[in-house]
Amino acid sequence: MHKTKRHRTNFISTIIFLVTTAVLVVLVLMLINHVNLEIRFNTIINWLKKIDNAVARLDTEREILICIFALYIAKCQLPLPMSILCAISGLVFPLGTALIINTVFTIFFFMVKYVEGTFIGGGWAGMILNIKKMHFLRDWIQFKGNGNPYFLSLTRLIPAIPLGMVSKYYGSMRYDVLYYILLSMLGYAPRLFIYTKLGAAFTNPFSVQFLSLLIVVVAFTGFSSLIFNVFYGIKSNQMTQTLLIYSQKEKYKIVL
């Protein structure tokens, strides 16, 4: 069983590494040949610029803002990618305004999931962490029942970890709301900026700026997922060995 777990972790890590590397190679080649790509797909680029200019001339920014807010509300219950929501704001509004909008709406999303956790519990995260093999991770997250502040910020930074699941779990622990918001936004800030910047640069998907940001996103997502998978594999193996040692001691224990 121990070897099976190790092989499974190694297999997943290999897949993550190969997929990430392949995507990065493609993006780097696109970055090197971005001038030729811009010329070849000039029609698409001009079409995207026309859309951006048309949106910029709209006098209904309030309606657009309401629509974006509606998407964030839908995100509270539907698996909509936060990256796309942030990019939409960056595409429609100037960068500074888009960052403020995304910050406010992201805080709203974090608060909604936190409140859900206080009423209905930790959800899927709680169920997964209550599995015996995951107790080591649960104890680390709970941090003597107070909640681990470092884990909270780290999960906001790693794209592979669902934001809603972590939010509901910290809500179920009644973690301090102020620290919850501050630590959540501190960890999520780099991703929020990059996603919003991607939206602002989307009018030319073959530009150096857009491709460079996309390379950063893909590299960080892939390698952070790889590190998390390796960490989980190491901790899981350590816990398995501890349980085996304990079970052997109990097996040969002499009761007087």
Side-chain angles (χ1 to χ4, degrees), residues 41-120 123-125 155-168 170-171 177 180-207 209-218 220-221:
F41 297 98
N42 186 56
T43 303
I44 297 176
I45 294 173
N46 289 334
W47 180 68
L48 291 173
K49 288 182 178 179
K50 287 179 181 179
I51 293 177
D52 184 62
N53 292 331
V55 172
R57 288 194 299 268
L58 289 176
D59 297 325
T60 57
E61 289 188 354
R62 183 179 300 176
E63 285 79 5
I64 297 174
L65 187 62
I66 292 173
C67 290
I68 294 175
F69 183 54
L71 290 175
Y72 274 89
I73 294 176
K75 166 63 182 173
C76 294
Q77 300 302 327
L78 299 176
L80 301 176
M82 286 290 284
S83 56
I84 293 179
L85 299 185
C86 293
I88 290 174
S89 298
L91 178 64
V92 175
F93 293 97
L95 182 60
T97 305
L99 287 173
I100 295 174
I101 292 171
N102 286 332
T103 299
V104 173
F105 289 169
T106 300
I107 292 175
F108 167 80
F109 169 74
F110 286 155
M111 281 304 305
V112 169
K113 304 309 288 186
Y114 178 91
V115 172
E116 282 186 16
T118 60
F119 284 100
I120 64 177
W124 282 105
T155 54
R156 302 313 193 191
L157 188 62
I158 300 177
I161 301 177
L163 299 171
M165 288 177 61
V166 176
S167 300
K168 290 174 67 175
Y170 272 80
V177 177
Y180 165 78
I181 291 298
L182 290 176
L183 292 171
S184 293
M185 293 309 299
L186 180 64
Y188 190 68
R191 291 172 59 188
L192 187 145
F193 176 79
I194 292 177
Y195 294 153
T196 307
K197 189 72 174 176
L198 272 174
F202 187 68
T203 51
N204 186 353
F206 304 106
S207 65
Q209 183 185 51
F210 183 85
L211 291 174
S212 299
L213 289 171
L214 200 57
I215 289 173
V216 172
V217 171
V218 172
F220 187 78
T221 301

## Note on the structure
Between the CE atom in Met165 and the OG1 atom in Thr155, the distance rounded to the nearest 0.5 Å is 11.0 Å

### Summary
When rounded to the nearest 0.5 Å, the distance separating CZ of Phe193 from SG of Cys86 is 12.0 Å

### Query
Heavy-atom distance under 4.5 Å between the side chains of Lys113 and Leu163, does that happen here?
no

### Query
Should Phe105 and Leu65 count as side-chain neighbours, where that means a heavy-atom distance under 4.5 Å?
yes

### Query
How would you list, by chain and number, every residue that makes a side-chain contact (heavy atoms from CB on, under 4.5 Å) with Ile84, sequence neighbours excluded?
Pro81, Ile88

### Heavy-atom donor-acceptor pair, Lys75 side chain to Phe109 backbone, under 3.5 Å
no

### Task
State, yes or no, whether a side-chain contact exists between Tyr188 and Tyr195 at a heavy-atom distance under 4.5 Å.
yes

### Task
Compare every heavy atom of Leu71 with every heavy atom of Leu80, then report the nearest pair and how far apart it is.
CD1-O, 3.7 Å

### Message
On a heavy-atom basis, which atom in Ser89 and which in Ala98 lie closest, and how many Å separate them?
### Response
O-CB, 3.4 Å

#### Entry: Minimum side-chain heavy-atom gap Thr196-Arg191 below 4.5 Å
no

### Message
Would you compute the distance between atom CG of Leu192 and atom OG1 of Thr103 and round it to the nearest 0.5 angstrom?
### Response
4.5 Å

### Task
Find out whether Leu186 and Arg156 are in side-chain contact, i.e. whether some heavy atom of one side chain is under 4.5 Å from a heavy atom of the other.
no

### Query
Can you check whether Ile64 reaches Phe93 side chain to side chain, under 4.5 Å on heavy atoms?
yes

### Summary
To the nearest 0.5 Å, atom CG of Leu78 lies from atom CD1 of Ile73 at 11.5 Å

### Query
Would you call the rings of Tyr180 and Tyr114 parallel, tilted or perpendicular, where under 30° means parallel and over 60° means perpendicular?
tilted

### Query
Rounded to the nearest 0.5 Å, what separation is found between the OG atom of Ser184 and the CG atom of Leu157?
12.0 Å

#### Entry: Pair Tyr72-Asn102, side chain to side chain donor-acceptor pair (under 3.5 Å): steps then yes or no
CA-CA 9 Å; Tyr72 274 89; Asn102 286 332; 2.8 Å; yes

### Task
Would you mind reporting whether Ile194 and Val216 have side-chain heavy atoms less than 4.5 Å apart?
yes

### Query
Just how far is it from atom CG of Leu95 to atom NZ of Lys197, taken to the nearest 0.5 Å?
5.0 Å

### Query
Would a 4.5 Å heavy-atom cut-off, applied to side chains only, mark Glu116 and Met111 as touching?
no

